[in-house]
Each structure stands twice: as structure tokens, then as C-alpha cells.
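Some notes on the structure that comes next.
Just so we're on the same page: letters track the sequence lines, and every chain starts at 1.
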Amino acid sequence: MKALSKCLAGGRTAWLLAAIVAVCAAVPVNAQEAGEAVAYLPQGTADILWLLLAGFLVFFMQAGFAMVETGLTRAKNASNIMMKNLMDFSIGAIAFWAIGYALMYGGNGGSFLGWDKDLLFLGSLTDGQDMTGSASWFFQVVFAATAATIVSGAMAERTHFVAYCFYSLLISALLYPTTGHWIWGGGWLGSMNMRDFAGSTVVHSVGAWAALAGCILIGPRKGKYGKDGRVNVIPGHNMPLAALGVFILWFGWFGFNPGSTLVLVDGISHVAITTALAASAGAIGAMLTTWVKFRKPDLSMTLNGTLAGLVAITAPCASVSTGSAVVIGLVAGVLVVFSCLVIEHKFKIDDPVGAISVHGVNGAWGTLAVGLFGQRSIDILYWGEDTAITDGVFFGGGFHQLGVQALGVVSVFAFVAVVAFAMFALLKYTVRLRVSEEEEALGLDLSEHGNEAYPDFLSESEHAK
Amino acid sequence: MKALSKCLAGGRTAWLLAAIVAVCAAVPVNAQEAGEAVAYLPQGTADILWLLLAGFLVFFMQAGFAMVETGLTRAKNASNIMMKNLMDFSIGAIAFWAIGYALMYGGNGGSFLGWDKDLLFLGSLTDGQDMTGSASWFFQVVFAATAATIVSGAMAERTHFVAYCFYSLLISALLYPTTGHWIWGGGWLGSMNMRDFAGSTVVHSVGAWAALAGCILIGPRKGKYGKDGRVNVIPGHNMPLAALGVFILWFGWFGFNPGSTLVLVDGISHVAITTALAASAGAIGAMLTTWVKFRKPDLSMTLNGTLAGLVAITAPCASVSTGSAVVIGLVAGVLVVFSCLVIEHKFKIDDPVGAISVHGVNGAWGTLAVGLFGQRSIDILYWGEDTAITDGVFFGGGFHQLGVQALGVVSVFAFVAVVAFAMFALLKYTVRLRVSEEEEALGLDLSEHGNEAYPDFLSESEHAK
Amino acid sequence: MKALSKCLAGGRTAWLLAAIVAVCAAVPVNAQEAGEAVAYLPQGTADILWLLLAGFLVFFMQAGFAMVETGLTRAKNASNIMMKNLMDFSIGAIAFWAIGYALMYGGNGGSFLGWDKDLLFLGSLTDGQDMTGSASWFFQVVFAATAATIVSGAMAERTHFVAYCFYSLLISALLYPTTGHWIWGGGWLGSMNMRDFAGSTVVHSVGAWAALAGCILIGPRKGKYGKDGRVNVIPGHNMPLAALGVFILWFGWFGFNPGSTLVLVDGISHVAITTALAASAGAIGAMLTTWVKFRKPDLSMTLNGTLAGLVAITAPCASVSTGSAVVIGLVAGVLVVFSCLVIEHKFKIDDPVGAISVHGVNGAWGTLAVGLFGQRSIDILYWGEDTAITDGVFFGGGFHQLGVQALGVVSVFAFVAVVAFAMFALLKYTVRLRVSEEEEALGLDLSEHGNEAYPDFLSESEHAK
Amino acid sequence: MKMIIAIIKPFKLEEVKEALAEIGVEGMTVTEVKGFGRQKGHTEIYRGSEYTVDFLPKVKIDIAVRDELVAKACASIAEAAKTGKIGDGKIFVLPVEEAIRIRTGEEGDEVL
Amino acid sequence: MKMIIAIIKPFKLEEVKEALAEIGVEGMTVTEVKGFGRQKGHTEIYRGSEYTVDFLPKVKIDIAVRDELVAKACASIAEAAKTGKIGDGKIFVLPVEEAIRIRTGEEGDEVL
Amino acid sequence: MKMIIAIIKPFKLEEVKEALAEIGVEGMTVTEVKGFGRQKGHTEIYRGSEYTVDFLPKVKIDIAVRDELVAKACASIAEAAKTGKIGDGKIFVLPVEEAIRIRTGEEGDEVL
Ligand SMILES: Nc1ncnc2c1ncn2[C@@H]1O[C@H](COP(=O)(O)OP(=O)(O)O)[C@@H](O)[C@H]1O
Ligand SMILES: Nc1ncnc2c1ncn2[C@@H]1O[C@H](COP(=O)(O)OP(=O)(O)O)[C@@H](O)[C@H]1O
Ligand SMILES: Nc1ncnc2c1ncn2[C@@H]1O[C@H](COP(=O)(O)OP(=O)(O)O)[C@@H](O)[C@H]1O
């Protein structure tokens, strides 16, 4: 039975307690005394609303990743990509509930790792006592899932599914919480006023560096590089789905960045516009770059450019002006094209969707951009006197903030690269990281899941008896 | 002309009245006296906001259903599925506006059916007087549409379109409002403190049992069962679209469950996390089950498992701990696989998308789960002393609540099965429930709508003159 | 580092300043004196929240347009459509940031065009000072993008990409801001109390009349009309994607219309339900019309009907009763079918997706509908005594309001048609408006972007070495 | 050796395959094609314009068989593919001069 | 009876069909194929790498005709399919030894 | 002139094309087909039901060549397409009686 409904229906006399409590709590004291019945929304409830709504949007990014990744890979692996995107969230959520959150935000740990045994299993036994905590967990779990899912695209079309499941478990239970603790959970980088507002480094770089380690260890897809070192093209199978994915991701990013205020304050609007502008500039930057370099404006790279702009603005979104946001996005759009080419052609690392360039390289760029374009006068709208950044290089603040940012970028890179490499190596020698040559040729849909993504030929003949 | 804009533009002196009214109403009395200008958001407005936002998300589930259903059926019926999903909402909304809402929530009826002639056509003549009522109608109509659309997938690829239109009318105008009234509208089941927070039974089971009646009456698709009783496989045509649909549905479910608080209270965050965890556990449960049973993790079933977890947590989402949510979801994921197999292989009921197992079986499971895992200490955060549930079996509360829940499950099943059977029988002997054999072989797109969903061969030749 | 997280983690002593400020500001004076700690959400912050959330939804409509347009056109142009939808937003956003907003809402202009040099580049140097202004810009930019993107579908499959980029720049920088200023920005039509609540004319007609001018100038697709004047059919390539697009658009429209209150007031709920009902009625109207006319209910036209209902209710959504909304939607659904046929068969204008009929004809219909069905008693819930409309023709108010509305429709049509025609003519003689015959035959994906949208044949052979 | 080219209704493929298996023919190559013949296509409606789609979906089967088997194979196919309604399709027999099995290099009737 | 196999540019299909209809050929089977020949493919770009797509979309038409009609049919096809530009395609004529109409069991030229 | 019809594994297409180019054969027409033979299909699972997909993806290549080249072409194809594993495919050679190049109207071996 639903509160408002009942009320309207008049069929019942009993009200929902919650509704009454809310109403009472919300009436200012004097108004109450004066017999006034107008109730107001508590700020705390508004904060919970905001965290949840933003979290819903970030959750929806899973669909965006799934579409981008499947669009840019071959039809014979489409079901596998769907499974991976579904399971990295599902396994990751359970892992983050069981232990990850305690390691990231537990107040009894140190500056390297958090700990709080009451947060294991989200303190399931005392459920409902801390609604603000619940909202916070929700918002964090969708971020953890984003970090996890980045690897899916980079290692697509060759990774053994069982290894991917274990990987999902490990990144959400251990890897992401650790660096997350450093910067957001009260750890050592956060204490230095490193600014990574919504997670260019904490979320995107972590996922991307893990992807980098994985890509190196697993090697390129069969046929990607010829014997003579020639780079072969393995086009994706559905560009409209890839584009749909980018629109969904952009939509979700409006939860990702503005939501990272964590409280419902006026400042969310500035974050929303820096986000929109950087993404637009990223798209334009990538398009123009491909236009000049390849003589035609390329869709797939422009899609990457849009995402690059979004990743790059993720750290500085609440510290820079709209003008700076445009510049940061433009640079990201240019950067992502060259980065993709260098990684593919020079380093011969096979990343089918450009995840390392989008999330890693531009995660780093965005984090450093705080040290270049950051303005204390803007940052302080969101932070306190002692926690706000100093002005960036281009705003006369010298190199201090840039140094802090660089330290964050480098230490997260070093830590994640090493740990992820170890993790994938472990998986390689236990459950097998890569499918066999035949399985890869057949496609992961058939070899790993026993079915096809588009089984249409059949439906006309085999089965219509 | 838009209020804020005008204000910013300074081009006009007149303010929007509404804005002023809002501001005035929101300023607490004493603050006003003291000349303070800060205004606050009334709780009532916040409640409307919450209902609408949640309703938007639930509305978007229509897209999810459309994608899941088309993905799991053949290309030759894809346009038909789109039409059905579009029309069950459209026809349903008009029907619910005209009469359904009056039957469900009208306060002048009895405990079996509501009635209020002022709610017919939503009291169109007195529009705008009751904004809270409008928000409530909006939230309810999207739920009614969800119940309606469940049938679309189960009876896909063979149902006569005109029959489907009439069915949409009947379920939204009569069937759904009736059982809805019993549990949410002030009817007899609600009075017994049966707990179906967001509608495992009211919405999902109602749709599924109607689907069951329809599937039995219409029979399996041509070729589904061989003469020798052999079960033939009729694979769908696009798994990535099916997966996209599940992501959209999951996203929409964050409106479905948390929105069912109906008022904006802190408690929405607990509901959001039980929802996320049960869905994740459902996905994992189904994946592991298929892995063990079929030796490979199956995408289509894992998608069903995700939805099963969501359906199952829909009733108990605000009554159980996060730990219980995980267990409920896991069980749902396992259950849905076996249920699909039994319905298809034992009962020889042809449900192409697994809707009966997902929404019916797991709707029942979720409703019963309140009686097993329910905790009064959590439930009471949302309800009053006299309306809260008693503890479930596993929490020492004995079998009382389980009994009430079971009564609800059984009586809704009995009522819906009988009425829906009668309804489909009526359609069968009037407008024809099923298309002819040839029409089915040709595909409903051509036979019912005269066009194809993917007319690509043509575009290269026939028409490029 | 994130505020709430830190708080939970307890690892840091410093709070986010913003959070504290918010909390303090929100505590009513007396409550504070009395030592009460409950804080409330300021109305101003709530307004920003609402504008942003609605804006996010409107942004997501870009994905909807992209899907509708690609679904209704051929596979060989699918990547091009994606590029256009991505770039009209990206280029448009930068243009609207640089200059468009200053022209539309600048308070120092006249009644024909606004101006405020401090709004150029959104006053980037003083960023963050005006969060309400930022939210307003965000909400307006997504509207500007909607107007721009309408042209993409109408001129699909033959427009030179570079011309489209310039067009995007011009419409967002100049054309849209001008008529926008007239009606919403403090200009002459607004002063006459013309009511275009959410932009049937300002947004949809502007886009559609520009599309009309463009379509006339660029001519039909090759092969669309035979030598004998015969109309050839060029079917689209993916109806499920087109339907997905319509669901996304409908979802986004719940930001478009209710969001146009611009402040968070109770009245948003009435707007939401007129929107839902008109869309439903539009779908039904178009379906029935095609059923009667073509003997089968047609999906593509029903999708157009849904959008027609939405466009038509956009102007009167906050001025009419739910009953009137149903009628307005029904008429729109019928109208769009005949309009599409007349434009295609009589006027021989080739608009592959029906954009001119959906957005232009029904934009006009919706705007006029205010003069027919408008009720001052409803309108006044949103406006002041002196800014509210007078009753419409069917509600005894005579022809005054209808006259004002008609003046708006006609003057916007005249202005946009002329200016857009000049603009496209300019592009035609500079950068070339249309691709060559061979490029068109080859498809724009290959000729303009050098790649295919579905390069699957290759992936099996060419590259798997 | 002959090449039998059979054009049949798509949903008859399985039955034809089984009929051929019964007489010992276990290899074939199948193509999705569009057929045009006496069976007239259907009228489709797209955005209000009627147009005729002349080309109907068919399946083409290429089956190489030893000369002795040709008559039997044709009969089997004809029987299995027959519905008696217009559009059932045709069988054509073409001469084959040589045949090679790629895997082994075998030639002639050994290949089958 | 002969089997005419014509490989043409896709957008010429309709014209070829009409040309054949004029001389009384009313049956054919059409396949979407990829062709490789003198007409060089185009260069595509994917994620910054250029690569040549050698195979161009073509349409293959199989038309069984009575011997007397072969020359006329070939001429009609050639005329209708011609653009004069490279890549217009080829026509091959193969002998057919037998033909059967599945629906009726008719054989030989009756089938057409 | 002969028509060589080669049915091969899809991923061998490129190698076959290159092998043919080496001996001067520069034209061919390629079709995506499904093959059925000794190489048994795989079992798929759909919603819990196992079912066998007998038809495996193959590529069919039609190559018209001058009589002198037939042997060499067949040998090249056989070599390039060979993996030695079951399912490598077959090559069939059919007689061609006439050939026309649509663009120019040339006939006979000139066409190639
Ligand atoms: N002359 C022909 N050459 C090649 N294929 C043909 C010819 N005539 C018909 N076909 C094929 O046979 C199919 C069935 O032929 P149709 O004339 O429609 O019916 P029926 O086989 O019953 O006479 C056609 O769809 C086409 O694919
Ligand atoms: N030797 C051949 N065998 C089979 N098909 C061929 C052969 N040569 C060309 N073709 C087909 O004919 C098409 C056109 O041939 P091409 O050499 O490009 O141009 P043209 O026909 O103008 O000489 C090719 O795309 C291919 O499908
Ligand atoms: N009799 C046949 N007629 C036509 N095509 C055949 C025939 N037998 C086999 N094929 C084709 O050759 C392919 C490979 O044949 P198969 O028997 O599986 O392996 P192998 O070529 O190694 O003997 C099949 O998939 C099918 O496409």
C-alpha cells in the first residue's frame, strides 16, 4: 500500500509513519508553534536525493560502455561483451558491498588503506540506521563499476571469461578501494590537497592502467599485427550502437561530475556546464584532428574524442572556468587521436576501443589540467580555506598544485600498473587469461557462451518446422 | 516566456507569479518577519518532484521492454513488437486516465473495487487544482503500463495486433486497477498489512499471470514443438539489443522501487541499494546456474536472472536488510532458470522471452520473501506502528506475515488467471487472438503492418533509380 | 576527496566548505537561535536542481534523434547521421556559449535581439559567481541543440558534412537566439503574452522551418522521384532503432516540458501528465489514421504520431486541461500523417524522417491550440495576472489569444524561412550544400567519412590473418 | 559429377537436408537469395506509400553429386521441398568437369 | 537450357529485371555478392588506419533460359546493366542439363 | 573458359585472393554461404536448450578462368586454402559456354 495513494483514496485512516515523521521534522520550530502546517525538505534528504539521482545516471553508463564496446568490436564477440558488462557490475557490486567499501572508506585504517569491520557487508545487520551512508555507498559502487568496466573494452575479443569474472572481483574488492582511499577516502594524496573532483585518476586512470597491464600481458588479437609488423585493421560491427553508447555515457556523466559534489548545492550547475563544454570541445578537437590527418572526419575517433573530453574534465570540473573547460576538452580531443595511433602503431598494444587513450592518457591529462588551469576562486566555492587548491600555472599560482597533481598521477600509475600486472599474471597461470586460438577465431560468443548474438540465418530455416 | 530567463535577461519587469508564490510560501514565518529573504523548498513540492522523477524512470522501462522483447524474438516480428510496446502504453494511459484510476483509487468504492466519479477523466474540468493528485496519477500510470507490457513478450510472434490493442485497453482500464485496489488502493489485502512495497505482485505478477492465461489460450509458435513433442529452439535475433533493454530496465527500476516511497524521505537510499544488490545477485545466480547446467554461462538466461532479481526485490525492497536482498536475488536468479526450463519443456508453454518466469514466478517469490526475510525494524522506517509488517520466518517472527503474503499471492493469481483467461477467450472469439499460419510464417511485420523492420536489400536496388 | 565520504571515513577533520555553507544558509534564523540543527533546502538550490535534471533529460534527446534518424534512413549513411547529431550539439554548445546566449538573453538589446557583452563566453572570467545563471544556460543550450538537430533528419542522406557543420554554428549562434529572444528573451512576441510554454514554436518550428528551407534548396535524394514524377520509396534500415529513438525522445520530453517551469513548483506535475496524454493520443491518432488509410497500422507513421503529439503539447502543456491535451494529441496524430503525405506527394519535398510535419506543422498546431483550448484558470497557476493568457476559443475567450498565437506562428515562419533559405544558399555557393551524385550513391559514410557503419563482411576475411 | 542447384522456400531447408541424408548425400552449400518468378511479391507500405517487393526470400542449395545419384537426389529434393503452392522453386542440374577436396587434394568422385 | 550468371552493379538490378521482363524472362534468383576485379576498391579509414576494401558490393543474377533466348537475354542484360564505367560486371553462360519445377514436377523448358 | 567454384573457410579468403593474383587471375566474385559436410557443426545453447547448428560459415568464390589456367588456378586455391583440418572445402570446375563484359561488350576470353 502506498502512502500518497492511500491518502488520495481515503480508504484507509492510517498514514505512513515515514511521511508524518518527514513532515514533522521538516516544520521549523517557530512555524510549528504558530500552528503553521508548511513543511520543508531537510537538506540531508535533499543530499540523499541528489546522490541517488546522480548514482542512477552513473549506473546507466554501464549500458553506454556495453554499446560502445560492442559497436567497436566484431559481431562474433557481441554476447561476450554484454556478459562482461553485466557481470563486472554484478560481481563488483557484491564485492564492494562485502569488503571494498570498508577498505575504501573505513575510518579505522591508515593513510594507505581504510578499514572498518562494521562496514563489511555494509553492516547488514544494522540496516537502515544510516540512510546517508547507504546513499554514499550507492554513489560509490557505481563509480567502482565504471573503473572495472573500462578494462572490458580494452581486452575485448580474446579474454577468457572466467578470468574476467575474477578480475572484476579483485578490482572492486581491492584495487579500486586502495587508490580510492588515497585520494577520496582520507588517504595520503587527499591530505596533500590533490584535486581529483570526480575521478579522472581515481576512476578512469585506475581502470585504464589496469587495462594497459592486461593488454600487454594478454597480447594483441589474432591477426591484428602481421608477421612483418604491419598493423591490420579489425573494424567493429555496428557504429550506430557505438554512437548510442557515447550519448548514454555523456548523459550518465551528468551524474558522474555534478554528483560528485556529494551534497545538493548551487555549485552543481557550474560543474554541469564545464562538463558539457569539455565534451563538446573534445568532439570537435578529435574531429578536426582526424580531418586534417586522415583527410576525412572520422566517427570512431570523434566518439573517442567526446569521451576524452569528458574524462579530462572529470578532475577539474569544479576548479576551472568554462573557458578553461573548452581548452581542456579541445586538447583532450587532439590528444586522444594521437595517443590511439601511438599505442596501436608504435607500442603495438591492441586496444580495440581506445580505452587506454580515453581513460588513461586523458585521465592523466585532466588531473594535470587542475595544476594548469585551476582557479582557487572557483575551487573555493566547493571547498574550505584549507582544502582548496592553489591557482594553477596559467593563473599565476606557480607549480605547486601541478606538482601535487603530478605526484598523484604518477603514484597511482605505478601502483595500479604493478598490482594489476601481478593480478593478471596470477589469472594467466591459474584460470587462463586468454582463450585458445581456435576459440578466438570462432568468436567468444560461441566458444565461451555457446550461442550467437545474431542467430538469424537459423531462424528462417532450421527451426521453423 | 520563461521565468528565470526573463529574470536574467532583465528585459521584462513582470515576474512569473508561480515563482513568487513559491518563494513566499516557502519562507518560514519568522524569517519573513525578520526580513530574511531565504526561501525553502516545501516538502510537498519535493514529494511531487520525487514522484515525477521516479515516474520518468519507470516510463523509460517501456524502451527496455521493447528492446528485450525484440532482441529475443525474430527479425520478422520486430516492428510488431515495437508497435505493441508503443500502443500498450498509449492505449493504457488513455484508459487509465478515463476510468482505471477511478477504479483503483476512488475512495467511494468498497474493499474490492474503488470508485469516484470525479476521478473519471482525471476530473479534467477541474484541472490543476490538485497537483499532488496529478503526480500520483503519473506515477501510477507508468506502473499500469509496466503490468500491461509484460504480456507483449510472452505472447510475441503470433498474437493478432487488434486483439493486443483491446487487451491493452482491458488490463489498464479494469484488470490492473482491481487487484491494484486490493493491495494499494485501500482494499482488503492492504488492510491485512500485506506488504508489496513496489509491486512484485500488484504489477509484475498481474502482468505475468495474464501472460500465462494468454499463452495457454493462444498456444505455442508454429514449429516450437515438433510432432514428437520435441522442443525446437527459436533463437532471437539481436542479443545486444536484449542486453541494452535489461540495462534500461535496471536503470528504470531505480524509479520503480525507491519511487514507491511516494514521498521524498531518507529511506529511498536503502531501497536503492537493496534493489542494486538483488539485481546483481540475480545475475550471478542465473549465470552460475547456467554454467553448471549447460557447461557455459548463458547470456539470455543471465539477462533473465537480472530481471528476476529485480522483480523479486520489488516487494521486500523496503523491508529487508542488504544481506537478505543478496540472498533473495540469488535465489531468484537460480529459480528463473529452472522455471523457464520447466515451463518450456514440461508444461510446453511457449514464452519466447521468459516473462512468466521472470515476472510471475519471481513476483510470487519476492512477495513471499517478505514473509521469510522481512524485518519489522527496517519496515517500520517506512510505515506506522500499526501498518508495519511482523518479522519474517527467518527473523523469529513466525509464520503470520508469510501467511498474509501467501494469501495475497494466491488470491491475485486466482483472480487474474480466471479473468484474463475469460478476457483472452472473449478476444479469441471476437477479433481473433492469433494470426493465421501463413501470417505467422510470413512474420507479423509484413502481415500485420505491411512493412519490414530491416528492409535493406531493397534500398540498394529497387529504389535507387 | 569527496565531502560525504570524508565525513564517513572520518579520516579528515576538514569539511567541505560548501557543505557547511549550504547547511548554515539553510537553517532558518529562529531555529538556529534555538540551537536547532535541522537545515532545509533553499528554494533557489531546488530550482537549480530541477533545471539541471530537466536539462539532462533534454540532452539525452540527442540520442533519440540520432536513433530515429538513422533508423529511418539507409545503412550506408548511418555513420554520417551519428556524426551530424554529435556535432550539432558540440558545435552548437560552443557557439551558444560564445555568443548565442548573449544574443538571446542579453538584457541590453532591444525587442528584436538581445545583447550583453558580459554574457559572451558566458562571462568565463567571472565564473561561478552566478550559479543560477549557469543552470539557466545549461537548460537553454540543450534546447538550442534540439532546434539544430531537427534539420539533420530532414536533409539526411545527401547533405555535405562541412555545410552541416557551418549550419550548426549559424543556427545556434544566430538564428535560434533571435526568435528565442522574441518569445522567451524579453522580445516583442513575449510582450504580447504569446504563450509558447516549452517551445512548440521557439524550438520545434524554428528547426523545422529551417529544415524546410534546406530541403527545398537541396532537392530530393537521388531516385526519390522518378522521371514521370512517380514517388519511389526509400525505406529506412532499422525500425527497432527508430522506435528506441522515439522512446528516448518521449523520456527526454519529460525534461523538455515540465522543466520549462524553470522553477521547482508543484505545477510540474500537471505539465507531466498533459505531456504523457498528448503523446499517447498522438500515437493512437496516427495509428488509426494509417489503419484506415493504408488498411494496416503503420509503425513508422505511428512513431511520427507520438512525436507529433509531443510537439503539439509543448506550447500548451501548462495552459490546457488533460482532456484538451488528449484532443490536441489526437489531432496531431492525424495531422502528421496527412502532412507527411502531402509534403512528399504533392509538394515533392523529400524529408526522409518526416521532420517538417512533426516539428513544423505540429509545432504550429500546438501553438495555435493555446488559442483554442487554453484556459486562463490553468495558465494562471504558472503566470501572473498580467502575463497569463486569455481563455481560448473553445472556452469562451474569443479570438484574442488565437490571434496572438497566429501572429507568433506566422512571423517566426516568415523570419526563419527567409533567413534559413539565405543561409543555406550561402552554404550552397561556398562550401557546397550537397554531395555529388557518386558520393550519394556510394553513401555518405564512405564518401564523407571514409568508413562504413557495419563493416562486417570484412571482419571475417580481410583482416583475420 | 553434376552440380544440382535447388532454389527452395527457406523453411523447407531442414526437410531437404534430411531427405538428402537418407539417400547418402551429406554435403551441400547453402546461400540466402531473393527469388523472382510467378509467385508475385507482396505489397509493402512505408510511410504511406505502397510499393511492391518483387523479390521473395529463398534458399539456394548447391549440391555436387555423383552422376548415378542425380536422379534420385532431384526426386528427393523435389519431394521434400514441395508444398504444392506457387513459389516452391526449381532444380537445375549443371555438369561438373572436375572436383578437388582442398584438405587432401583428392579429385573426382572421391571428393564427395 | 542455359544458366546465365550475370554480375552487375547493385543499383542496376531493377533495370535489368525490367529489360528481361520485356523479352519474356520472368524468373530469376538474386544474390548479394562482393566482387573483385579491375575496378579497384576504395580506401577506408578506421580509427586512423587506412585500409583498402578490395571487395565491392555487386549483385549476382542467376537466370535459366531456353537456348533460343540466351543471346537475346544476354544482350538485354548487357544493355540494361551498362554504365560504361569500370566495374559494370560480366555475364557468363553455363550449360544446364536438367531442370525441374518443384511444385508440379514438370521438367525441361516447361519449368521456365 | 571454365567457372571455378571454390568453397573455403572464410578466413582463408585473403590468402586465396593473393595466390590467384600471383598467377594472374585478378577477378572473382565472393558470396557468404553456409556449408554442410563432414565437418560437423557446433552445439549451441539458447535459453537452456541445446541444438546443433549444422551449417558453418563458408565463403564461396566464383572465378572464371581461361581453360589453360584452370589447373594452375585450382592448385593455387587448394594450396592457399588448405589448413589440413576437416572442413577446408572443395573446388568444382564447371564449363562456361559464353562470357560477356558488360562495359565493353567484349566476348570470350577477352572478358577476363
Ligand atoms: N528462370 C529462372 N532462373 C533462375 N531462377 C528462377 C527462374 N524462375 C524462377 N526462379 C526461382 O524459382 C523461384 C520460384 O519460382 P516461381 O516462378 O515463383 O514459382 P514456381 O517454382 O512454383 O513456378 C523464384 O523465386 C526464383 O528464385
Ligand atoms: N574472372 C572473374 N570471375 C568471376 N567474376 C569476375 C571475374 N572478373 C570479374 N568478376 C566480377 O565482375 C565484377 C566487375 O569486374 P571488373 O573487372 O571490376 O570490371 P569490368 O566488368 O568493368 O571489367 C567484379 O567485381 C567481379 O564481381
Ligand atoms: N557435395 C557437396 N556439394 C556442395 N558443397 C559441398 C559438398 N560437400 C561439401 N561441400 C561444401 O564444402 C564444405 C566443406 O566440406 P566438409 O565435408 O565439411 O569438409 P572437407 O572439405 O574437409 O571434406 C562444406 O561446408 C560445404 O560448404
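Annotation: the span from A/I48 atom CD1 to A/L264 atom CG amounts to 12.0 Å, rounded to 0.5 Å. Between A/K224 atom NZ and A/I234 atom CD1 the span is 5.5 Å, to the nearest 0.5 Å. Rounded to the nearest 0.5 angstrom, A/T290 OG1 and A/K296 NZ are separated by 12.0 Å. The CG atom of C/L446 sits 9.0 Å away from atom OG of C/S79, with the distance rounded to the nearest 0.5 Å. Atom CE in C/M87 sits 8.0 Å away from atom OG in C/S168 (nearest 0.5 Å).
Listed by chain and number, the residues in a salt bridge (Lys or Arg N to Asp or Glu O under 4.0 Å) with C/E448 amount to none (sequence neighbours excluded).
If you measure heavy-atom distances from A/T274 to chain C, you find no contacts under 4.5 Å at all. Using a 4.5 Å cut-off between heavy atoms, A/W291 contacts chain C through its side chain alone, with no backbone atom that close. Heavy-atom distances place the side chain of A/A46, and not its backbone, under 4.5 Å from chain C. With a 4.5 angstrom heavy-atom cutoff, C/F121 touches chain A only via backbone atoms. Heavy atoms closer than 4.5 Å to chain A are found in the side chain of C/A66, but not in its backbone. Residue C/N80: no heavy atom, backbone or side chain, is found under 4.5 Å from chain A. Of the two parts of A/F395, neither the backbone nor the side chain holds a non-hydrogen atom closer than 4.5 Å to a non-hydrogen atom of chain C. Both the backbone and the side chain of C/V162 come within less than 4.5 Å of a heavy atom in chain A. Contact annotation for C/I91: both backbone and side-chain heavy atoms come within less than 4.5 Å of a heavy atom of chain A. Heavy atoms of A/I268 lying under 4.5 Å from chain C belong to its backbone as well as its side chain. With a threshold of 4.5 angstrom between heavy atoms, C/M83 approaches chain A through its backbone and through its side chain. The part of A/L57 that comes within reach of chain C is its side chain, from C-beta onward, which places non-hydrogen atoms under 4.5 angstrom from that chain.
Remark: side-chain polar atoms of A/Q43 are not paired, donor with acceptor, to backbone N or O of A/V265 under 3.5 angstrom.
Proximity of the aromatic rings of A/F247 and C/F89 is defined here by a centroid distance below 6.0 angstrom, and this criterion is not met. Centroid-to-centroid, the aromatic rings of C/F60 and C/F56 stay 6.0 Å apart or farther.
With respect to A/R221 and A/E440, no salt bridge is recorded, no charged nitrogen being found less than 4.0 Å from a carboxylate O.
Here A/P297 is the residue among A/P297, A/A276, A/A54 with the most heavy-atom pairs under 4.5 Å with chain C. Your options are C/L86, C/N451, C/D445, C/I81, and the one with the most heavy-atom pairs under 4.5 Å with chain A is C/L86. In terms of non-hydrogen atom pairs under 4.5 Å with chain C, the most contact-rich of A/S300, A/A243, A/G329, A/G323 is A/G323. For the set A/W250, A/F294, A/W50, the count of heavy-atom pairs under 4.5 angstrom toward chain C peaks at A/W250. In terms of non-hydrogen atom pairs under 4.5 Å with chain C, the most contact-rich of A/I378, A/I248, A/N238 is A/N238.
Ring geometry for C/Y101 against C/F96 counts as perpendicular: the plane angle is over 60°, on a 0 to 90° scale with 30° as the lower cut.
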